[in-house]
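Here the structure is laid out as structure tokens; the discussion comes afterwards.
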Amino acid sequence: MGQNGVNAILKLGTLSSLINNYPPDNNDLQFSFATVTSLTETLERAYGPHGGRGLAIRVGRACFNHGLRQYGTQLGITETAFRLLPLPTKLSTGATAFAGLFNQYTDQRVRIEHEDGKILWHIERCPLCWERKAAEPVCHLAVGLLQEALYWLSGGKVFNVEEQTCIAAGDEICTIVIDKSPIF
């Protein structure tokens with residue numbers, strides 16, 4: 001998107017006050033859920049549903065990589081001992097660690113459930129669809145973040161990651177279903 005693209009999205013989303021005035025990169029809760037939702041919704045308005053979804057997924061993937069640099073050591077997932085664990089253990093331990101990170105440092109609430117060869121990533125309080133109404137799931141940024149986390153945890157394998165339920169679509173919670181077996 002580049003700086004001009006970001007500025008255009010901020011203007012279109014009536015978030016001009018953020019142009020060259022981003023919140024500091026810290027653990028303070030200064031970026032509201034409404035602002036996050038506005039940004040992802042504006043991506044869809046500017047680039048269409050498919051283009052906006054693609055950009056949100058790419059943003060999510062980039063967020064994982066940024067978060068890994070910031071929190072990887074703290075979570076213990078960058079340690080050699082963790083990297084040598086069998087894949088199923090890494091997936092389970094990694095999902096629990098990521099959910100704990102979100103629950104500790106953000107206002108969102110994530111709960112993990114394991115069911116029939118799948119990990120269910122439940123977002124009970126979601127910043128991506130906060131007070132939003134949509135015909136289908138819209139938490140694409142979270143899907144991208146989880147896709148990249150799985151890619152990194154597995155050493156380059158690709159997994160099916162799909163949002164099944166979404167608060168914006170009228171569901172009680174957002175649920176992202178992750179297959180524990182890689183596609184390739």
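Computed from a prediction, not measured in an experiment: that's the story for all the values here.
Residue Leu55 is grouped with residue Val6 when hydrophobic side chains (ILVMFWY) are merged at heavy-atom distances under 4.5 angstrom, including chains of intermediate members. Tyr22 and Val59 fall within the same hydrophobic cluster, defined by Ile, Leu, Val, Met, Phe, Trp and Tyr side-chain heavy atoms under 4.5 Å apart, directly or through other members. Using a 4.5 Å cut-off between side-chain heavy atoms of Ile, Leu, Val, Met, Phe, Trp and Tyr, with links allowed through other members, Ile112 and Leu87 fall into the same hydrophobic cluster. Cluster annotation: Leu146 is not connected to Ile57 through the hydrophobic network of ILVMFWY side chains, with a link wherever side-chain heavy atoms come within less than 4.5 Å. Linking ILVMFWY residues whenever their side-chain heavy atoms come closer than 4.5 Å, directly or via other members, leaves Val158 and Ile119 in distinct clusters.
To the nearest 0.5 angstrom, Ile123 atom CD1 is 5.5 Å from Gln108 atom CD. Atom CD of Glu41 sits about 10.0 Å away from atom CG of Leu12, to the nearest 0.5 Å. A distance of 9.0 Å separates OG1 of Thr89 from CZ of Phe82, quoted to the nearest 0.5 Å. One distance of note links CG of Leu85 with OG1 of Thr80; it measures 11.0 Å at 0.5 Å rounding. Atom CG of Leu43 is separated from atom CZ of Arg58 by 12.0 Å, given to the nearest 0.5 angstrom. Once rounded to the nearest 0.5 Å, the distance linking CG of Leu141 with CZ of Arg53 reads 14.0 Å.
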- Message: I'd like to know whether Asp107 forms a side chain to side chain contact (heavy atoms under 4.5 Å, CB included) with Trp130, so could you lay out the CA-CA distance, the side-chain angles of the two residues, the decisive distance to 0.1 Å, and finally the verdict.
- Response: CA-CA 12 Å; Asp107 283 337; Trp130 187 255; over 6 Å; no

- Item | side chain to side chain contact (heavy atoms under 4.5 Å, CB included) between Leu39 and Leu10, worked out | CA-CA 7 Å; Leu39 287 170; Leu10 292 173; 3.6 Å; yes

- List the steps and the verdict of side chain to side chain contact (heavy atoms under 4.5 Å, CB included) for Glu162 and Ile178. CA-CA 7 Å; Glu162 183 178 336; Ile178 302 164; over 6 Å; no

- Item | Candidate pair Glu131 and Thr37, rule side chain to side chain contact (heavy atoms under 4.5 Å, CB included), full reasoning | CA-CA 8 Å; Glu131 298 181 349; Thr37 296; over 6 Å; no

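Judged by distance alone, the side chain of Thr93 and the main-chain N or O of Lys90 form no donor-acceptor pair under 3.5 Å. A distance-only check finds a donor-acceptor pair linking the side chain of Thr96 to the backbone of Ser92 [under 3.5 Å]. Counting only distance, with no hydrogens or angles, the side chain of Thr175 and the backbone of Gln164 share no donor-acceptor pair below 3.5 Å. Listed for the Thr35 side chain is no donor-acceptor partner under 3.5 Å among the backbone atoms of Phe31.
Looking at Val161 and Trp121, their side chains never come closer than 4.5 Å, going by heavy atoms from C-beta outward. The shortest distance between side-chain heavy atoms of Phe64 and Gln147 does not fall below 4.5 Å. Between His140 and Thr40 there is no side-chain heavy-atom pair separated by less than 4.5 Å. The side-chain heavy atoms of Ile176 and Val143, taken from C-beta on, include a pair separated by under 4.5 Å. Within the 4.5 Å cutoff, side-chain heavy atoms of Val177 are placed close to those of Leu120. Considering only heavy atoms from C-beta on, Leu145 stays 4.5 Å or farther from Phe98 through its side chain. For the pair Lys157 and Leu150, the minimum side-chain heavy-atom distance is 4.5 Å or more. With a 4.5 Å cut-off on side-chain heavy atoms, Ser38 and Leu15 count as touching.
Annotation for Ile167 and Cys174: closest pair N-SG, 3.3 Å, computed over non-hydrogen atoms. Between Tyr105 and Asn27 the shortest heavy-atom distance is CE2-ND2, 3.4 Å. The shortest heavy-atom contact between Leu75 and Ala97 is CD2-O, 3.6 Å. Between Cys129 and Val138, the closest heavy-atom pair is CB-CG2, 3.7 Å. Residues Tyr47 and Gly52 approach most closely at CB-N, 3.7 Å, considering heavy atoms. Residue Leu18 comes nearest to Pro23 through the heavy atom pair CD2-CD, 4.2 Å, listed as atom of the first residue, atom of the second, then distance.
With sequence neighbours excluded, no residue forms a ring pair (Phe, Tyr, Trp, His ring centres under 6.0 Å) with Tyr151. For Arg109, the side chain to side chain contact (heavy atoms under 4.5 Å, CB included) test picks out Asn103, Glu124, Arg125, with sequence neighbours left out. Annotation: salt bridge (Lys or Arg N to Asp or Glu O under 4.0 Å) contacts of Glu113 (sequence neighbours excluded): Arg111.
Side-chain contact check for Thr42 and Arg45: at least one donor-acceptor pair (N or O, by modelled atom type) lies under 3.5 Å.
Salt-bridge annotation for Glu44 and Arg132: present, with a side-chain N of the basic residue lying under 4.0 Å from a carboxylate O of the acidic one.
Residue Gln3 places its CD atom among more than 12 non-hydrogen atoms of other residues, nucleotides or ligands, all under 6.0 Å distant.
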